[in-house]
Amino acid sequence: MNKFTITAFFIITLSSLLAQDKKVEQLDEVLLPSSKLRTYSVGFKITKFNDSILKSNHQTLSALLQTESSIYFKSYGVAMLSSPSFRGTGASHTAVLWNGIPVNSTLNGQTDFNLINSVSIDEMTVRAGGGSILFGSGAIGGSIHLKNNMDFEGDQSHHLLSSYGSYNTYKVNYRFKTSTEKSFVQIGFGRMSSDNDYQYWDTDKYNNNGDFFNNNLNAVVGFKLSDAHLLSLFLDGTMSERGLSNTLTAPSDSKQDDENYKLLVEWKYTQRNLTSILKLAYLYDQFTYYAKRSSSDLFDVGDAKNSLLKYQLDYKFGPKTKVLSGIDVSFNKGGGDSLDGVNRSSYSLYSMLNHRVSHRFHYDLSIRKEFSDTFDVPFLFGVDAAYKSGDFVYKINASKNYRVPTFNDLFWAVLGNPNLKPESSYQGELGVEYSKKGITASANTFFIATEDLIKWSPNSYVDVQNGSGGGLGAWTPKNIYKAVNYGAELSLKVPFAFGNYTFNSQANYSYTIAENKQSKKQLLYVPKHKLNYTLRANRGRVSGNYHIMYHGKSFTTTDNSAFVKGYLVHNFAANYTLNLFKNIQPIIGFHINNLFNKEYAVVDYRPMPGINYQFQIQIKI
Amino acid sequence: MNIKKIALSVVAASLFLASCNNDTDLPVYEPRGDYEGGILVVNEGPFQNGSGTVTYVSSDLTQAVDGIYKAENGEDLGNIFQSMYLYDDIALLVVNNSHKIEIVNRFTFVKEAVIDQNLNNPRYAVVANGKVYVSNWGDTANETDDFIAVYDVDTFAYETSISVDLGPEKMQVIGNDVFVAHEGAWGYNNKISVINTANSIVETTIEVGDVPNSMGVDSAQNLWVLCGGVPAWTGAETFGSLHKINTISNEVEKTFDFVSSHPDYLTVDGTNVLYAVGSSVYGMPNAAMELPIEVLIETEADFLYSLRASNGFLFATDAKDFSSKGTLTTYKYISKEEISTVSTGVSPNGVYFNN
């Protein structure tokens, strides 16, 4: 079967992240690039992680979301590929948007959160539930929105964060920001590197091919041309090299380099009843896979170039009614050893209505149609609503969503299947939120039925006779299964205080059934139970966080005959603000991950590290 | 039951003869281990992250226990368990992606040694003339570094490596020669190398059809080589062929061409030659002049992954979707009678008789 290994490099990529210290600033809401997110999603559960959370004590964005949300990350190792998955949907069923631009890889449909440095963003919003109408392909389980903010307050700041820890892991993040009443400039740089050579539990094996580094350079520039016109420029470049870890049973000497560049120009025009936003973006992703890092002349290269135009017009027809209409045009081009010269173009039209019937009751109606030169995309429609009663808000939403096949699926040399259809899903959700005196609680139930799911599987003789790509036994992608997901999510947030101590206690629990519709078996790597708990404590200059994360067992075979054990992991972090100078107050932090040295793996045979430490210092001027 | 009876009687007879030379007590048959006399199935295991397993199937075909290597040794066997070779009282377990060969007592499955030096993507092993021969692909990205590694069978000490043509795969020992089929690894090849075990030199190369994927020896010591042909997706598709090779002259005596198919899994049982196209099994006598037209047995496997015929029985494994447990189905192939189906590990690719 090794013969048909269509490779580790489909599924691999890595990196890290780092956090950014910044006071939560008062921002001019009108200027937020994707405020439509809340307006046209009244019936959805939306969770915002602002800068002060992003700067908290998680080493990577994927660690933050694993610890503080219901999202599951199929994490192949500390710096290896780590893609988010909502509600038991697949790794390519989460749309990730960067300043409103979809950034999932054209090649594999995923976003590797280990390639996103938190120095490059100011805010992250998690929107559970289908969102293809607003966000396009891939928003089947949910969407994650990464955003840069800007302000025009006329001040200037430097922020430096540096840390050193176990396995010779260090990182440096620096950001400079300056603004006038008319202009804003921010430049950031981040680097993280690690030998990452942790021991595999109590075996004599080590992660001896897991070393990595990544560099990020980013810039945000904004000019207010007038009170009505804002012109912005966003730039982001990440370059990473990482060894691909050995497993418990197989050595590795392979390596992957990634380069991702994003450029976005945005022109926003705001009038009393009208907001018009034009975005022009260019994205470039490239990977280079070395089967043997010692033979640097033997490698495979793949790349994707995406050009996008997005235009949105948001019009207020009165105090109660808003309509958002938009067009997305995209042109994607693949290149490299296995995807040479393939391309795809598409455009989409969408429109949504937001109606505030009363201060208690809001609803949205939405539609979208995409036209592509490669395949037929279904007509999409959705409805969502919110009803407020006392301290409770009841939410409901239903929509049709889709994911287009990736370039690898469609065009991979010889084995790709150009006849693939988009995957499509219907989803519905009911939720209730409670909020009083800082205490918030929510309960949601969801249902998702997905069909035409794409899976790479070996050709049978029948496939070959039917003219499917590849020969007998060749692994090719096909639209071959259906899935049904349902479950519930509960979350509770309680702030409280004892004397001078203030606390914030937060818990998330999710129960997820994700079944292959034909076999009735749970899909691979979907734990039925996921629970996390965070306690934050503060007293004056001292603060501490305690995190507990539980994942139930997840199956590794389609007949559910084998599984990865469940695990419970504890992390702890303490921070102290030094009072050295009047204007410079460095924060020093000490973090302990996997406090009880638990042996665990997210992906079978790929151990995660035991107890490890980081020392961190942040300076803001 | 037949296999067990035959096995036990052969074993008992040999013990009896051996014992009689030394003393006059009545011979007492003592089982040599829990796994004596049954069937062993090689399961490659999950493709990316995981371990292969060995399934033990009782000789009456009613019971199957998966994971006997781990059960006896408390450790995983390794990633992509490709093949096994039984010799004397040992079994050599070739683990492709872990680049090693575990050596266990074949009856107890307790680990005795490991070979992990001078291997690079090992595929198959055989023992001939006191030496272990292991086919290796070398680095999969390099088409010129393929080799046969040679070890002493008693000490497992490395002796030499024989550089060979692209993609050495299955091997067959006949007399003092090792016949190596060059299936072609990630590429395609069309050769059989013949290694003289007296000096470990490739003494001749026999050209066959494209992609020789399986071999067998009939009761007349002819070597049968089945070639699958080059798959369609290469744009240079060729179809299968079957070759009967005289192992005295090392000449191809007869070639059968497949008109439009890609056969695999040749297995020879005395004078019967069987193979599969897709999930259908075909059979013919070794004296046949034409390929059979009629299907012998329709296995109904989702993905037929190996065939082995012995004493009128046919053992077929089904890898299903390669990410769940497979099955082993046994037939009496003359009467086309299906006898039993038992569960195996993930991706079962070979059946071995442990007697």
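Chain letters run A, B, ... following the sequence lines, proteins first and then strands; every chain starts at 1.
The shortest side-chain heavy-atom distance between B/L266 and B/L242 falls under the 4.5 Å cut-off.
Ranked by heavy-atom pairs shorter than 4.5 Å toward chain A, the options B/S343, B/S324, B/G78 are led by B/S324. In terms of non-hydrogen atom pairs under 4.5 Å with chain B, the most contact-rich of A/T247, A/T249, A/T203 is A/T249. Interface check for chain A: of the options B/S51, B/G50, B/S98, the most heavy-atom pairs under 4.5 Å are formed by B/G50. Residue with the most contacts toward chain A among B/D139, B/N142, B/L77: B/D139 (heavy-atom pairs, distance under 4.5 Å).
With a 4.5 angstrom heavy-atom cutoff, B/D302 touches chain A only via backbone atoms. For A/K455, the part sitting under 4.5 Å from any heavy atom of chain B is the side chain, from C-beta outward, and nothing else. Contact of A/T558 with chain B is made through backbone and side chain together, with heavy-atom distances under 4.5 Å.
Annotation: B/E298, atom CD; neighbour count of heavy atoms from other residues, nucleotides and ligands within 6.0 Å is above 12. Other residues, nucleotides and ligands contribute only 12 or fewer heavy atoms inside 6.0 Å of the CD atom of B/E294. Shown here is B/E143, whose CD atom has no more than 12 heavy atoms of other residues, nucleotides or ligands within 6.0 Å.
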**Request:** Please report the C-alpha distance between B/K191 and B/D165 in whole Å, then the side-chain angles of each, then the deciding distance to 0.1 Å, and finally whether the salt bridge (Lys or Arg N to Asp or Glu O under 4.0 Å) criterion is met.
**Result:** CA-CA 8 Å; B/K191 295 181 184 67; B/D165 215 43; 3.3 Å; yes
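Remark: B/E169 pairs with B/R123, B/W137 by the side-chain hydrogen bond (donor to acceptor under 3.5 Å, both in side chains) rule, at least two apart or across chains.
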